[in-house]
Amino acid sequence: MKKDYEKEQVYFVGGGLASLAGAVYLIRDCAFPGKNIHIIEEMKIIGGSNDGAGDSEQGYVIRGGRMLNDETYENTWELLSSIPSLDDANRSVRTEILEFDRAHPTHAKARLVNKDGEIEDVMSMGFDLSDRLAMAKLIITPEEKMGKARISDWFSNHFFETNFWYMWATTFAFQPWHSAVELKRYMIRFMHEFPRIQTLEGVTRTPYNQYDSIILPIKKYLDQHEVDFEMKCTVTDLDFKDSDGITVTAIHYTKNDVIGLIELNEGDRIIVTNGSMTDGYSLGSMTKAPILNGKGNSWKLWDTIAKKKPGLGNPTSFDNDIAGSKWESFTVTCQDSRFFDLMEKFSRNKAGSGALVTFKDSNWLMSIVLAYQPHFLNQPGKVKVFWGYGLYPDNVGNYVKKRMSECTGEEILTELLYHLKFENDHEAILKSANCIPCMMPFITSQFMPRAIGDRPQIIPEGSTNLAFVGQFCEIPNDVVFTEEYSIRSARIAVYKLFGINKEINSINQYQYDIRSLFSAFVTSYR
């Protein structure tokens with residue numbers, strides 16, 4: 001029997017991928033009226049960390065890159081199979097991505113570059129017996145026995161000088177001081193990628209940046225179902241019913257400097273994205289370095305409500321160590337193909353192949369990705385765009401003797417060109433390029449060492465109408481910093497809040513697959 005939801009409302013706090021996916025599940029699987037779904041977002045644009053903005057004149061900006069994976073993104077592909085493509089309503093976004101990826105597969109031929117500008121042979125992982133034993137122990141040790149151990153607590157110094165670490169760390173953005181539990185989950189979840197980590201053949205890429213390729217089609221779907229988007233609206237607090245359970249009774253917000261209150265009635269639900277990887281970000285320019293900001297409103301909201309009720313997590317494990325969670329990215333807009341032509345010759349990869357190149361001896365541990373062009377829907381044919389990042393922004397550069405965090409876009413691009421030994425083309429490239437740096441204080445906060453319970457359950461114990469989604473709720477055995485984590489959390493939240501008895505695509509258990517185990521074992525001795 002179909003339930004009548006006409007008098008019920010659902011409020012999503014945050015307009016990122018998790019909230020958008022949750023709205024789709026409500027409409028598609030619950031027959032919930034779109035006009036009763038409210039997505040509250042403090043920015044003027046939805047999509048959260050799945051961004052892509054700018055133009056050829058002012059410069060494009062991608063704060064972060066997303067590398068999808070066919071085998072690991074189980075619910076992502078299921079969701080995108082039901083979202084029509086922007087170009088052809090008879091084709092799904094999933095089909096569109098699959099066809100693009102097959103036509104433009106990733107196969108990195110210059111995965112690591114040394115201080116002499118030479119491409120390194122990375123077929124060998126570089127492990128010794130101690131590294132292999134530590135990895136095996138990591139895989140089999142239960143999470144509850146690991147506590148808040150850091151990766152550096154688990155491995156010797158040798159491990160952090162291996163080809164494997166340079167490739168794995170820069171693919172997934174791990175640091176030695178990050179959580180050993182999170183590394184363990186990644187090792188298991190992406191075990192099938194271990195034998196091909198040097199080529200990144202398992203990466204599934206979208207035709208454009210993720211905002212244009214994923215967020216815009218979902219937004220169009222939701223618009224067609226009359227979903228309400230409350231933009232430039234900041235949720236500041238939640239009121240709870242005075243009882244032992246967890247029932248949200250009101251939402252406090254500000255919009256256009258006006259304070260407001262939304263009272264929740266019986267049957268209403270609220271789904272909160274607690275915390276944000278890109279909260280507090282700052283952009284620089286060719287002539288200005290970005291600034292380092294502190295906590296933004298998503299962290300302040302979680303800090304506030306976590307003090308009110310037990311079971312709402314411990315945000316201080318994630319938002320109290322900016323030095324450990326920050327790094328800096330940069331987006332370069334080129335008015336000609338000179339840099340791309342040089343990179344094609346240098347890397348032996350077709351320019352725009354999407355292959356990740358890491359400069360292993362870079363003090364900033366710098367990496368770049370040249371995606372297939374155009375990377376933006378509004379990008380002119382002659383314009384080229386690429387993205388990069390440095391995991392150690394407080395280190396002084398090898399060539400530009402300043403901390404990356406203090407560098408302008410011109411100085412960051414100069415450091416890159418000298419690593420590539422493109423000095424002869426330095427002036428010409430700088431003249432035609434616009435490098436926009438982006439400082440992100442919380443970009444790897446989800447990897448910070450944590451205890452069990454620091455991330456709240458998607459439906460906290462005793463909750464009657466509150467759920468959490470995104471990178472800072474708990475999904476056993478799954479990996480944060482992925483599209484899949486956001487989408488899976490949304491699906492679980494909606495199904496549990498509404499009592500939907502439908503299958504949620506399960507997590508592939510590669511640690512129990514004999515072929516995956518054997519292949520990983522052989523690779524460890526390469």
Side-chain angles (χ1 to χ4, degrees), residues 49 51 59-67 108 110-115 117 120 160-161 165-178 277-278 280-293 321-333 339 343 355-371 385-422 429-430 433-445 447-448 481:
S49 300
D51 62 345
Y60 291 99
V61 174
I62 316 159
R63 289 176 296 180
R66 302 287 176 270
M67 294 187 289
R111 185 63 187 86
L112 296 183
V113 176
N114 65 24
K115 62 185 178 184
E120 298 224 320
F160 298 104
E161 295 298 325
W165 173 253
Y166 283 116
M167 293 188 288
W168 196 269
T170 53
T171 299
F172 299 112
F174 275 109
Q175 306 275 34
W177 55 84
H178 284 158
M277 299 181 297
T278 49
Y281 81 95
S282 169
L283 298 179
S285 69
M286 281 292 277
T287 57
K288 184 181 72 173
I291 62 174
L292 180 62
N293 291 320
D321 186 4
I322 289 176
S325 64
K326 70 178 180 182
W327 47 258
E328 188 172 351
S329 69
F330 54 94
T331 313
V332 182
T333 303
F339 181 82
M343 279 301 298
L356 183 66
V357 178
T358 293
F359 304 93
K360 61 174 293 189
D361 297 315
S362 162
N363 291 346
W364 300 344
L365 193 52
M366 182 189 285
S367 299
I368 59 171
V369 178
L370 276 64
V385 179
F386 71 93
W387 177 80
Y389 60 97
L391 292 183
Y392 298 117
D394 285 337
N395 287 354
V396 173
N398 301 72
Y399 303 97
V400 177
K401 298 302 182 180
K402 293 172 64 175
R403 294 181 178 185
M404 184 184 188
S405 57
E406 298 171 346
C407 285
T408 65
E410 179 177 339
E411 290 167 332
I412 290 172
L413 186 52
T414 295
E415 177 81 2
L416 170 63
L417 295 175
Y418 273 84
H419 275 292
L420 286 164
K421 311 303 178 187
F422 291 174
I429 292 173
L430 284 182
N434 183 5
C435 177
I436 300 178
C438 177
M439 176 60 74
M440 295 177 286
F442 301 101
I443 189 60
T444 51
S445 52
F447 284 163
M448 296 304 289
F481 214 174

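All values derive from a computational prediction rather than experimental measurement.
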Here the pair of heavy atoms bringing Val113 nearest to Val357 is CG2-CG1, 3.7 Å
For Ser49 and Thr278, the nearest pair of non-hydrogen atoms, with its separation, is OG-OG1, 2.9 Å
Can you see which heavy atom on Lys288 is nearest to which on Pro437, and at what distance?
-> O-CG, 4.2 Å
Minimum heavy-atom distance between Ser405 and Ala289, given as atom pair plus value | O-CB, 3.8 Å
Looking at Asn293, Thr444, Asp394, which one forms a side chain to side chain donor-acceptor pair (under 3.5 Å) with Lys326?
-> Asp394
For Ser367, the side-chain hydrogen bond (donor to acceptor under 3.5 Å, both in side chains) test, sequence neighbours excluded, returns Thr358
Test side chain to side chain contact (heavy atoms under 4.5 Å, CB included) on Ser362 and His419 and set out the steps.
-> CA-CA 8 Å; Ser362 162; His419 275 292; 3.7 Å; yes
State which residues pass ring pair (Phe, Tyr, Trp, His ring centres under 6.0 Å) with Phe160; sequence neighbours excluded, sorted by chain then number.
-> Trp165
Any side-chain heavy-atom pair of Thr170 and Arg111 under 4.5 Å | yes
Do the non-hydrogen side-chain atoms of Val369 and Met67 ever get within less than 4.5 Å of each other?
-> no
Could you tell me which non-hydrogen atom of Thr333 sits nearest to which non-hydrogen atom of Gly59, and how far apart they are?
-> OG1-CA, 3.6 Å
Tell me, do Glu415 and Cys407 make a side-chain contact under 4.5 Å, heavy atoms counted?
-> no
Would you say Phe339 and Leu417 make side-chain contact, with heavy atoms under 4.5 Å?
-> yes
Distance-minimising heavy-atom pair for Ile412 and Met366 = O-CE, 4.1 Å
Not counting sequence neighbours, which residues clear side-chain hydrogen bond (donor to acceptor under 3.5 Å, both in side chains) with Lys421? List them please.
-> Tyr399
Member of Thr171, Ile368, Leu370 meeting the side-chain contact (heavy atoms from CB on, under 4.5 Å) criterion with Leu356 | Thr171
Considering residues at least two apart in sequence or located in another chain, which fulfil the side-chain hydrogen bond (donor to acceptor under 3.5 Å, both in side chains) criterion with Gln175?
-> Tyr392
Polar side-chain atom of Asn398 near backbone of Asp361 as donor-acceptor pair, under 3.5 Å | yes
Is the shortest heavy-atom distance from the side chain of Leu416 to the side chain of Phe359 under 4.5 Å?
-> yes
Is Ser329 reaching over with its side chain to a backbone N or O of Gly64, donor-acceptor style, under 3.5 angstrom?
-> no
Measure from the side-chain N and O atoms of Ser282 to the backbone N and O of Leu292, and report whether any donor-acceptor pair falls under 3.5 Å.
-> no
Non-hydrogen side-chain atoms of Glu328 and Trp364 separated by less than 4.5 Å = no
If you measure from CG on Leu413 to CZ on Phe422, what distance do you get to the nearest 0.5 Å?
-> 11.0 Å
Partners meeting ring pair (Phe, Tyr, Trp, His ring centres under 6.0 Å) with Trp387 (sequence neighbours left out) = Tyr389
Step by step, work out the side chain to side chain contact (heavy atoms under 4.5 Å, CB included) result for Tyr166 and Glu161.
-> CA-CA 7 Å; Tyr166 283 116; Glu161 295 298 325; 3.1 Å; yes
Expected output: side-chain Asn395 to main-chain Asn363 donor-acceptor under 3.5 Å | yes
Quick one: does Phe442's side chain get under 4.5 Å of Ile322's, heavy atoms only?
-> yes
For Arg63 and Met440, indicate whether the former's side chain and the latter's backbone hold a donor-acceptor pair under 3.5 Å.
-> no
For Phe481, all residues meeting ring pair (Phe, Tyr, Trp, His ring centres under 6.0 Å), sequence neighbours excluded = Phe447
Student check: side-chain heavy atoms of Met439 and Ile291 closer than 4.5 Å | no
Output for pair (Tyr60 OH, Phe386 CZ), nearest 0.5 Å, gives 15.0 Å
How many angstroms lie between OG in Ser285 and CD1 in Ile436, if you round to the nearest 0.5 Å?
-> 8.0 Å
Between SG of Cys435 and CD of Glu410, what distance do you get to the nearest 0.5 Å?
-> 9.5 Å
